[in-house]
Amino acid sequence: MVKTLLRDCAVLLLAALVPALLTAWLHPHRPAFLWQAPAVEEVSLETVNSWPTGTLWVDARDANAFARRHVPGAILLNEDRWEALLPDFAAAWRSGQRVVVYCDSQSCQASQDVAVRLRREIGGIDVFVLQGGWQAWEKAHP
């Protein structure tokens, strides 16, 4: 009788757990789990322009796009050449300085990837992602 009761409890628990996990996984506002890097806050160009000077811009695009045109004073730092480019970032960044990362557009994931990695690998960094990316900058600075 005890075995039957335990088996029945296990079946009920499993029957409740499967839909609960599925609902949590599909929920649009589910929290980031430990293995997922939380997204970095996006900031508008207008907000960045209202900050005191001294913002460090980080271009997460490829080297060719950076060479064609970039935010004046920006540092190139992307996932493809992270190890080679990180020393340039380290030389330019000052503790307490805000960092704004951008890539091609709003749909580009590279800026989030670089910003999350900066936050993870360099403690105490105040890092943001530019809303609209390079397209937003170009629109404001034709």
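Nothing fancy with the numbering, it's 1 onward along the sequence. Keep in mind that the numbers below use all heavy atoms, side chains included, and drop hydrogens, waters and symmetry copies.
- Residues meeting the side-chain contact (heavy atoms from CB on, under 4.5 Å) test with Ala92, sequence neighbours left out: Leu56, Ile75.
- Trp57 is not connected to Val40 by any chain of hydrophobic side-chain contacts under 4.5 Å among Ile, Leu, Val, Met, Phe, Trp and Tyr, and they are in different clusters.
- Nearest heavy atom pair, residue Cys108 against residue Ser111, reads O-OG, 3.9 Å.
- Evaluation of the side-chain contact (heavy atoms from CB on, under 4.5 Å) rule for Glu46 yields Ser44 as partners, not counting sequence neighbours.
- Taking all atoms of both residues into account, the shortest heavy-atom contact from Leu118 to Ile125 is O-CG2, 3.7 Å.
- Linking ILVMFWY side-chain heavy atoms closer than 4.5 Å, directly or via other members, places Val43 and Val127 in two distinct hydrophobic clusters.
- Residues Leu45 and Ala136 share a closest heavy-atom pair of CD2-O, 3.9 Å.
- Evaluation of the side-chain hydrogen bond (donor to acceptor under 3.5 Å, both in side chains) test over residues 87-99, restricted to residues two or more places apart or in two chains, returns none.
- Under the 4.5 Å side-chain criterion, counting only non-hydrogen atoms from C-beta, Val71 is in contact with Trp134.
- What you find for Pro87 and Glu83 is that their closest heavy atoms are CD-O, 3.3 Å.
- Considering every non-hydrogen atom in both Val114 and Ala60, the closest pair reads CG2-CB, 3.8 Å.
- Legend: residues meeting side-chain contact (heavy atoms from CB on, under 4.5 Å) with Glu41, ordered by chain and number and at least two apart, are Phe128.
- Screening residues 73-82 for side-chain hydrogen bond (donor to acceptor under 3.5 Å, both in side chains) gives Glu79-Arg117, Trp82-Glu121 as the qualifying pairs, with residues at least two apart or on separate chains.
- Here the side chains of Leu77 and Phe66 are not in contact, with every heavy-atom distance at 4.5 Å or above.
- Closest approach of Arg69 and Glu138 over heavy atoms only: NH1-CG, 3.5 Å.
- Trp137 is not listed as a side-chain neighbour of Tyr102, based on a closest heavy-atom distance of 4.5 Å or more.
- For Asn64, the side-chain contact (heavy atoms from CB on, under 4.5 Å) partners at least two apart in sequence or on another chain are Asp62, Arg68.
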